J.: 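So that we are looking at the same thing, I have put the structure below in structure tokens.
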Amino acid sequence: MSRHKRKSGSSHKGYTEPRRKPQILTGLQYNKSVTFQVMNAPAIYNIAKERPHMAIIVDVRASQLTKDQPDFEVELILQCRGQSSNPPAGEEPTTFFETSLTYAGIFTLVNSTPESLEPQLLVDAPHILFPGARHVLSTLSREAGFLPVIIQKIDFAKLWQERKVTV
């Protein structure tokens, strides 16, 4: 006989099944859409000697692939503008480039509950996708002739909470 007590989940004839923790399983990750536009090329390269300051907009979308199945596509959308960081007084920053990246992944949710579904898709999944998306943006900016873009870690839980308040 076991000395360990099991926490209740469902019970059948005295046997108590443990509650299982929700999990998110990662499948394929991919670039769904990418645009990168260098402004005023080639003249901009005479001005753009510094690492660009990034103005960034982040969005996350999730959609179920098949009704009644636990598979979802999650899209991490990053819209970025690389610009000069120290414009002369009274002037707008010079825009070096603009880019839009939709980096997506296929995720399977296991043991999910209605309460865990949204945080798994809008917090956990983009957290998994972010390193790949950040790498793509860094590579794109470097290949376009600029210093690599370095984006700091994004707190997707905080963004999700803020979004819930405004909706």
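Only a predicted model underlies this, so the values are computations on that prediction, with no experimental measurement involved.
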J.: When you compare the side chain of Val60 with that of Ile77, does any pair of heavy atoms fall below 4.5 Å?
T.: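 Side chain of Ile77 against side chain of Val60, heavy atoms only: no contact under 4.5 Å found.
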
J.: Are Phe130 and Val34 connected in a single hydrophobic cluster, I mean Ile/Leu/Val/Met/Phe/Trp/Tyr linked by side-chain heavy atoms less than 4.5 Å apart?
T.: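 Yes: a chain of side-chain contacts under 4.5 Å links Val34 to Phe130.
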
J.: Taking atom CD of Glu75 and atom CG of Asp59, what is their separation to the nearest 0.5 Å?
T.: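 If I round to the nearest 0.5 Å, the distance is 9.0 Å.
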
J.: To the closest 0.5 Å, what do you measure between CZ (Phe107) and CG (Leu129)?
T.: 4.0 Å

J.: Arg134: which residues meet the salt bridge (Lys or Arg N to Asp or Glu O under 4.0 Å) condition with it, sequence neighbours left out?
T.: none

J.: Is there a salt bridge (charged side-chain N to carboxylate O under 4.0 Å, His left out) between Glu73 and Lys32 once you walk through the steps?
T.: CA-CA 11 Å; Glu73 178 188 52; Lys32 188 168 184 177; 3.0 Å; yes

J.: Keeping the roles fixed (side chain from Gln120, backbone from Leu109), state whether a donor-acceptor pair exists under 3.5 Å.
T.: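 No: the side chain of Gln120 does not pair with the backbone of Leu109.
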
J.: What is the minimum heavy-atom distance between Ser112 and Pro22, and which atoms define it?
T.: CA-CB, 4.3 Å

J.: Is there side-chain contact between Phe156 and Asp124, with at least one heavy-atom pair below 4.5 Å?
T.: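 The answer is no; the side chains never approach within 4.5 Å.
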
J.: Enter the distance from His127:NE2 to Leu76:CG here, rounded to the nearest 0.5 Å.
T.: 12.0 Å

J.: Could you tell me the separation between the CD atom of Glu91 and the OG1 atom of Thr94, rounded to the nearest 0.5 Å?
T.: 7.5 Å

J.: So, Thr99 and Gln37: side-chain donor and acceptor under 3.5 Å apart, yes or no?
T.: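 Gln37 and Thr99 do not have a side-chain donor-acceptor pair below 3.5 Å.
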
J.: Applying a strict under-4.5 Å side-chain criterion to I, L, V, M, F, W and Y, I'd like to know whether Leu25 and Leu65 cluster together.
T.: no

J.: Taking the ring centre of each residue, are Tyr45 and Phe96 less than 6.0 Å apart?
T.: no

J.: Using a 4.5 Å cut-off on heavy atoms from C-beta on, say whether the side chain of Thr113 contacts that of Ser116.
T.: yes

J.: So, the side chain of Gln64 versus the backbone of Gln69: is there a donor-acceptor pair under 3.5 Å, distance only?
T.: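 Between the backbone of Gln69 and the side chain of Gln64 there is a qualifying donor-acceptor contact (under 3.5 Å).
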
J.: Heavy atoms only: give me the nearest Ile128-Gln29 pair and the separation to one decimal.
T.: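 Of all heavy-atom pairs spanning Ile128 and Gln29, the closest is CG2-NE2, 3.6 Å.
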
J.: Do Met54 and Arg81 touch side chain to side chain, with heavy atoms closer than 4.5 Å?
T.: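 In short, these two side chains do not touch, never coming nearer than 4.5 Å.
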
J.: Has Arg61 got more than 12 heavy atoms of other residues, nucleotides or ligands less than 6.0 Å from its CZ?
T.: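 Atom CZ in Arg61 is not crowded, with 12 or fewer foreign heavy atoms closer than 6.0 Å.
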
J.: Test Val58 against Ile154 for side chain to side chain contact (heavy atoms under 4.5 Å, CB included), laying out the working first.
T.: CA-CA 9 Å; Val58 179; Ile154 297 173; 3.8 Å; yes

J.: Quick one: does Phe72's side chain get under 4.5 Å of Thr66's, heavy atoms only?
T.: no

J.: State, with a plain yes or no, whether a side-chain heavy atom of Val74 is found less than 4.5 Å away from one of Leu122.
T.: no

J.: Is there a chain of hydrophobic side chains (I, L, V, M, F, W, Y, each step under 4.5 Å between heavy atoms) that links Ile47 to Met39?
T.: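 No; Met39 is not reachable from Ile47 via cluster members.
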
J.: Restricting to non-hydrogen atoms, name the atom on Glu118 and the atom on Trp160 that form the minimum distance, rounded to 0.1 Å.
T.: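 What the structure gives for the nearest pair is OE2-NE1, 2.7 Å.
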
J.: Report the distance from atom CG of Leu78 to atom CD1 of Ile56, rounding to the nearest 0.5 Å.
T.: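 One gets 4.5 Å once the value is rounded to the nearest 0.5 Å.
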
J.: Restricting to non-hydrogen atoms, name the atom on Lys21 and the atom on Asn111 that form the minimum distance, rounded to 0.1 Å.
T.: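 Looking at all heavy atoms of both residues, the shortest contact is O-ND2, 3.5 Å.
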
J.: Check Phe36 against Ala144 and note the closest heavy-atom contact, atom names and distance.
T.: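 Where Phe36 meets Ala144 most closely, the heavy atoms are CE2-CB, 3.3 Å.
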
J.: Could you give the distance from CZ (Phe97) to SG (Cys80), rounded to the nearest 0.5 Å?
T.: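 Rounded to the nearest 0.5 Å, the CZ-SG separation comes to 7.5 Å.
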
J.: What I'd like to find out is whether the side chain of Asn31 reaches to under 4.5 Å of the side chain of Leu101, using heavy atoms alone.
T.: yes

J.: So, Asn40 side chain and Ala43 main chain: donor-acceptor pair closer than 3.5 Å or not?
T.: no

